[in-house]
Q: 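Can you keep this structure in mind? I'll have questions shortly.
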Amino acid sequence: MKWVTWVLLFALAGLQYNLWIGHGSWHDMWKLENSVIAQNASNEALIQRNRALTAEIKDLANGKDAINEMARDKLGYIQDGEVFYRFVPSATLATITDNPETVSKK
């Protein structure tokens, strides 16, 4: 009778191995759930980026205001009749006045 108990315990342990330790165990399921959560967060960030790019494309296709704004930011575009003011921080101004060679002569 004692050997039957050991055989049944061994069979029970063998059947429980896959549930706790083997492939498809609780630990594997926990890791997969965490990776799904991380992937969903990444997907949401990409969806927001795509929405912003779609809105920018629509702005560029429909009007000149977006094109003018991009030209101003990236190329320094100034329209006719506008006045351009450049504000220089005081630390930069002090460096320019200390070293007159950096100032271009007109």
Side-chain angles (χ1 to χ4, degrees):
M1 188 69 175
K2 191 171 188 172
W3 65 275
V4 174
T5 306
W6 284 107
V7 169
L8 290 175
L9 284 175
F10 183 71
L12 181 64
L15 293 173
Q16 292 290 313
Y17 175 79
N18 282 337
L19 178 64
W20 300 105
I21 299 171
H23 180 67
S25 66
W26 288 103
H27 186 267
D28 288 345
M29 187 185 300
W30 178 73
K31 287 192 317 188
L32 286 174
E33 286 176 353
N34 286 340
S35 67
V36 166
I37 291 169
Q39 186 64 47
N40 284 338
S42 174
N43 289 350
E44 188 61 34
L46 291 173
I47 288 170
Q48 292 297 329
R49 183 180 137 245
N50 287 345
R51 286 180 184 157
L53 289 173
T54 303
E56 185 177 350
I57 289 169
K58 286 180 183 177
D59 284 345
L60 290 172
N62 293 335
K64 293 186 177 182
D65 291 336
I67 295 171
N68 284 342
E69 181 182 344
M70 289 181 72
R72 289 174 195 276
D73 289 342
K74 295 183 180 180
L75 303 174
Y77 174 71
I78 302 170
Q79 288 183 340
D80 291 335
E82 291 182 337
V83 179
F84 176 73
Y85 293 100
R86 182 175 181 184
F87 295 99
V88 180
S90 61
T92 308
L93 185 59
T95 329
I96 291 173
T97 55
D98 290 343
N99 190 1
E101 296 168 358
T102 59
V103 178
S104 62
K105 298 181 180 173
K106 293 182 180 180

Q: Between CZ of R72 and CD of E82, what distance do you get to the nearest 0.5 Å?
A: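 Here the rounded value is 4.0 Å.
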Q: State the CG-CD distance between L53 and Q48, to the nearest 0.5 angstrom.
A: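 CD of Q48 is found 11.5 Å from CG of L53.
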Q: State plainly whether one hydrophobic cluster holds both F87 and V83, where clusters connect Ile, Leu, Val, Met, Phe, Trp and Tyr through side-chain heavy atoms under 4.5 angstrom apart.
A: yes
Q: Is the backbone of N50 close enough, under 3.5 Å, to the side chain of T54 for a donor and an acceptor to pair up by distance?
A: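 Flag set: sc T54 to bb N50 pair under 3.5 Å.
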Q: Treating Ile, Leu, Val, Met, Phe, Trp and Tyr as nodes and any side-chain heavy-atom pair under 4.5 angstrom as an edge, say whether L8 and L15 lie in one connected cluster.
A: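 No, because L8 and L15 fall into different hydrophobic clusters, even though each may have its own neighbours under 4.5 Å.
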Q: Start with the C-alpha gap between N43 and Q39, add the side-chain angles, then the distance that decides, and say whether side-chain hydrogen bond (donor to acceptor under 3.5 Å, both in side chains) holds.
A: CA-CA 6 Å; N43 289 350; Q39 186 64 47; 3.0 Å; yes
Q: Give the cluster check for I57 versus L60: same hydrophobic cluster or not, with ILVMFWY residues linked at side-chain heavy-atom distances below 4.5 Å.
A: no
Q: Does one hydrophobic cluster hold both L9 and V4, with members joined at side-chain heavy-atom distances below 4.5 Å?
A: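 As far as the 4.5 Å side-chain criterion goes, V4 and L9 are not connected within one cluster.
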Q: Got D59 and E69 here, is their nearest side-chain heavy-atom distance under 4.5 Å?
A: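 No; the side chains remain at least 4.5 Å from each other.
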